[in-house]
K.L.:
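First, the structure itself, so that you have it in front of you.
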Amino acid sequence: MKPERPPTAFELKVYEATRRIPRGKVSTYRLIGKSIKCDSSQAVGQALRRNPFAPQVPCHRVIASSLTIGGFFGERKGTEIKRKLKLLGVEGVRFVDGKLADPDCLHRF
DNA sequence: CACCTGACATAAT
DNA sequence: AATTATGCCAGGT
């Protein structure tokens with residue numbers, strides 16, 4: 001049995017910020033990091049990576065800077081990425097070549 | 001486009 | 001408790 005990974009205050013902030021993202025929009029690790037008063041994006045991605053809140057926290061709505069998808073939690077073979085891209089497309093966020101097609105979809109905190 | 005550095009948190013040693 | 005290594009990064013050279 002694997003030990004539970006209790007979310008920390010920092011992670012909770014990341015989850016809250018991520019949850020703030022309305023449907024059909026996306027955000028970047030950097031923006032979230034700034035929103036929670038942290039200049040680090042890795043810490044943000046780190047929190048999302050654990051994602052104890054699963055689909056409740058739309059980590060797929062969070063992309064890297066430069067409007068790139070960046071990676072994904074456990075991107076085993078890149079197949080999961082496609083799934084998220086599709087979900088985003090369904091929500092109204094179009095991605096082209098793994099990059100955000102409409103910067104207008106960027107959510108501002 | 002490739003490489004290295006910077007900033008922050010978690011897990012492991 | 002401290003240090004080391006790593007991680008859905010970012011940014012500059």
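In what follows, chains carry the letters A, B, and so on, assigned in the order in which the sequence lines appear, proteins first and then strands, with residues in each chain numbered from 1. The model shown is predicted, which means the values in this text are computed figures rather than measured ones.
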K.L.:
Can you see which heavy atom on A:Pro103 is nearest to which on A:Leu67, and at what distance?
P.N.:
CB-CD1, 4.0 Å
K.L.:
When you match A:Pro7 and A:Gln42 each to their closest nucleotide on DNA chain B, which lands nearer the 5' end?
P.N.:
A:Gln42
K.L.:
In chain order, what residues pass the side-chain contact (heavy atoms from CB on, under 4.5 Å) check against A:Ser66, with sequence neighbours excluded?
P.N.:
A:Thr68
K.L.:
Tell me what A:Ser66 touches on the nucleic acid: a base, only sugar-phosphate, or nothing, going by heavy atoms under 4.0 Å.
P.N.:
nothing
K.L.:
Choose from C:dC9, B:dA9, C:dG7 the nucleotide whose nearest atom is closest to any side-chain atom of A:Gln46.
P.N.:
C:dG7
K.L.:
Using the side-chain heavy atoms of A:Arg30, tell me which of these nucleotides is nearest: B:dT10, C:dC9, C:dG11.
P.N.:
C:dG11
K.L.:
Atom OH of A:Tyr29 to atom P of B:dA7: distance rounded to whole Å?
P.N.:
21 Å
K.L.:
Looking at every non-hydrogen atom in both residues, tell me the closest pair between A:Ile32 and A:Ser27 and how far apart they are.
P.N.:
CG1-OG, 3.8 Å
K.L.:
Does a side-chain N or O of A:Ser65 approach OP1 or OP2 of C:dA10 to a distance below 4.0 Å, or not?
P.N.:
yes
K.L.:
Using a heavy-atom cut-off of 4.0 Å across all strands, would you classify A:Phe10 as base, sugar-phosphate, or nothing?
P.N.:
sugar-phosphate
K.L.:
Return the set of residues passing ring pair (Phe, Tyr, Trp, His ring centres under 6.0 Å) with A:Tyr15 (not counting sequence neighbours), or none when no residue passes.
P.N.:
A:Phe53
K.L.:
Where the side chain of A:Glu11 is concerned, which of B:dT10, B:dC8, C:dG7 is the nearest nucleotide?
P.N.:
B:dT10
K.L.:
Closest to the A:Asp39 side chain: B:dA7, C:dA10, B:dA9?
P.N.:
B:dA7
K.L.:
What closest approach, in Å, do A:Cys38 and A:Phe10 show between heavy atoms, and which atom pair accounts for it?
P.N.:
SG-CE1, 3.0 Å
K.L.:
Identify the heavy atoms of A:Asp39 and A:Arg30 that sit nearest to each other, and give their distance.
P.N.:
O-NE, 4.0 Å
K.L.:
Listing time: all N or O pairs from protein to nucleotides 3-5 of chain B that are below 3.5 Å?
P.N.:
none

K.L.:
On the nucleotide B:dA9, are OP1 or OP2 found under 4.0 Å from the side-chain N or O atoms that A:Arg50 carries?
P.N.:
no
